[in-house]
Enquirer: 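Take a look at the following structure, please.
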Amino acid sequence: MITTEIKTSHGTFTATFSERGLAQLEFPSRGNARRKGNPLTRRDATLSPSDGERDGVRDFRRWHIATARALKQSLAGKTPKTLPPLDLNSGTEFQRRVWSALRKISSGKTRSYTEVASAIGKPKAARAVGSACGANPIPVLIPCHRVLAANKKLGGFSGGLNWKKSLLAREGIAPKD
DNA sequence: CATCCAGTATATA
DNA sequence: TATATACTGGATG
């Protein structure tokens with residue numbers, strides 16, 4: 001795995017890539033903002049061996065750029081034209097289905113936890129959907145912030161409700177208090 | 001209106 | 001095995 005930092009006007013995000021693509025994206029926090037910006041820091045030597053090495057690094061650089069671009073677009077309330085490949089292997093089948101459903105919510109729209117649950121064929125699993133949203137490894141690009149409670153209230157957010165609120169505001173959505 | 005509860009998938013203890 | 005979650009519609013007082 002490799003981590004890189006992405007500086008935006010809203011803080012420094014941390015992206016983690018596996019050999020398959022973007023695997024995790026973290027909100028700015030005191031912890032990762034303090035780490036000196038050193039792009040493409042190797043953390044773990046699991047690149048493909050010998051021959052693949054050079055290609056691997058090239059991929060990471062490309063993905064890093066694509067991620068930074070997509071992230072900045074999203075933070076501005078726009079829909080990124082292209083995303084880096086996403087590695088969602090970390091989740092369970094249920095979680096991957098939820099995350100997949102989340103990606104179909106376009107900017108400026110919202111769904112309720114129940115609607116997402118129905119979309120994946122488990123209309124009663126709203127609560128479980130909430131858990132899956134909280135486990136979303138790639139917030140913003142996988143728009144977990146567009147899922148509101150049935151009464152159009154905010155619900156919760158792993159990165160802090162302020163983030164959810166401001167992300168929605170930039171998309172022209174004003175959830176209830 | 002205030003509570004309670006079942007149903008659901010996962011994580012944690 | 002029990003409890004706690006980014007939930008919610010229905011039952012009950």
Side-chain angles (χ1 to χ4, degrees), chain A residues 1 3 5-6 8-33 43-44 46 67 70-80 83-177:
Chain A
M1 303 281 274
T3 56
E5 298 192 336
I6 298 177
T8 75
S9 50
H10 299 278
T12 301
F13 286 67
T14 302
T16 303
F17 299 91
S18 71
E19 65 275 11
R20 294 174 51 94
L22 177 63
Q24 188 175 51
L25 187 63
E26 293 171 83
F27 280 102
S29 68
R30 209 173 55 205
N32 69 32
R43 180 191 274 176
D44 182 341
T46 25
T67 301
L71 177 59
K72 287 171 186 172
Q73 296 263 307
S74 297
L75 289 176
K78 299 177 184 174
T79 303
L83 293 180
L86 305 182
D87 179 3
L88 297 179
N89 265 13
S90 58
T92 64
E93 176 63 25
F94 178 85
Q95 290 171 329
R96 283 192 297 256
R97 273 206 260 163
V98 171
W99 301 336
S100 173
L102 296 186
R103 294 180 60 185
K104 295 178 184 151
I105 312 177
S106 49
S107 177
K109 303 200 171 170
T110 66
R111 307 292 287 282
S112 68
Y113 291 99
T114 293
E115 285 169 334
V116 173
S118 297
I120 63 174
K122 308 214 169 189
K124 293 187 174 176
R127 190 166 197 166
V129 166
S131 294
C133 290
N136 170 19
I138 311 178
V140 185
L141 298 189
I142 293 179
C144 47
H145 58 279
R146 300 195 183 120
V147 186
L148 304 180
N151 50 15
K152 299 303 180 200
K153 293 196 174 180
L154 264 186
F157 196 63
S158 55
L161 283 179
N162 289 339
W163 271 107
K164 185 169 186 174
K165 200 161 47 173
S166 62
L167 285 169
L168 289 171
R170 264 171 246 130
E171 296 181 9
I173 301 169
K176 286 196 173 181
D177 177 22

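Note on naming: letters A, B, ... go to the chains in the order of the sequence lines (proteins, then strands), and numbering restarts at 1 for each one.
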Enquirer: OP1, OP2 of B/dT10 versus side-chain N and O of A/Thr92: anything below 4.0 Å?
Expert: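 For A/Thr92, the contact criterion (side-chain N or O under 4.0 Å from OP1 or OP2 of B/dT10) is met.
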Enquirer: Could you go step by step and tell me if A/Gln24 and A/Thr14 meet the side-chain contact (heavy atoms from CB on, under 4.5 Å) rule?
Expert: CA-CA 8 Å; A/Gln24 188 175 51; A/Thr14 302; over 6 Å; no
Enquirer: Minimum heavy-atom separation for A/Ala135 to A/Gln95, with atom names?
Expert: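 Looking at all heavy atoms of both residues, the closest pair is CB-NE2, 3.6 Å.
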Enquirer: Find the distance A/Asn151:CG to C/dC7:P and express it as a whole number of Å.
Expert: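 For the pair A/Asn151 CG and C/dC7 P, the rounded distance is 11 Å.
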Enquirer: Taking NZ, NE, NH1 and NH2 as the nitrogens, is one of them in A/Lys109 or A/Glu171 under 4.0 Å from a carboxylate oxygen of the other?
Expert: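 No, A/Lys109 and A/Glu171 are not salt-bridged.
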Enquirer: Could you tell me whether a side-chain N or O of A/Lys165 sits under 3.5 Å from a main-chain N or O of A/Pro175, the two making a donor and an acceptor?
Expert: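 Flag not set: sc A/Lys165 to bb A/Pro175 has no pair under 3.5 Å.
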Enquirer: Consider the side chain of A/Ala149, meaning its heavy atoms from C-beta on, and name the nucleotide among C/dT8, B/dT10, C/dA6 that approaches it most closely.
Expert: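 Among C/dT8, B/dT10, C/dA6, the one nearest the side chain of A/Ala149 is C/dT8.
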Enquirer: A/Arg96 CZ to B/dA9 P: how many Å, rounded?
Expert: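 Rounded to whole Å, this separation is 15 Å.
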Enquirer: Any side-chain N or O of A/Lys122 below 4.0 angstrom from OP1/OP2 of B/dA9?
Expert: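 For B/dA9, OP1/OP2 do have a side-chain N/O of A/Lys122 under 4.0 Å.
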Enquirer: For A/Phe94 and B/dT8, give me the distance from atom CZ to atom C1', rounded to whole Å.
Expert: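 About 7 Å, once rounded to whole Å.
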Enquirer: What integer number of Å spans the C1' atoms of B/dA2 and C/dA6?
Expert: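 My reading of the C1' atoms in B/dA2 and C/dA6 gives 23 Å.
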Enquirer: Could you tell me how far apart A/Leu161 (CG) and C/dA6 (C1') are, to the nearest whole angstrom?
Expert: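 For the pair A/Leu161 CG and C/dA6 C1', the rounded distance is 8 Å.
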Enquirer: To the nearest Å, give me how far apart CZ (A/Phe157) and C1' (C/dT5) are.
Expert: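 The answer, rounded to whole Å, is 16 Å.
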Enquirer: My understanding is that a pair needs two contacts under 3.5 Å, Watson-Crick or G-U wobble. By that rule, which nucleotide pairs with B/dT3?
Expert: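 Across all strands, the one nucleotide that pairs with B/dT3 is C/dA11.
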Enquirer: Between P on C/dA6 and CG on A/Leu168, what's the gap in Å once rounded to a whole number?
Expert: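 Whole-Å distance recorded here is 17 Å.
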Enquirer: I need the CZ-C1' distance between A/Arg127 and C/dA4, as an integer number of Å.
Expert: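 Spelled out: CZ on A/Arg127 to C1' on C/dA4 is 7 Å.
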Enquirer: Is C/dA6 paired to anything, Watson-Crick or G-U wobble with both distances less than 3.5 Å, and if yes, which nucleotide?
Expert: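 Partner of C/dA6: none.
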Enquirer: How is A/Thr114 classified with respect to the nucleic acid when contacts are heavy atoms under 4.0 Å: base, sugar-phosphate, or nothing?
Expert: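 If one applies the 4.0 Å heavy-atom cut-off, A/Thr114 turns out to touch the sugar-phosphate alone, with no base involved.
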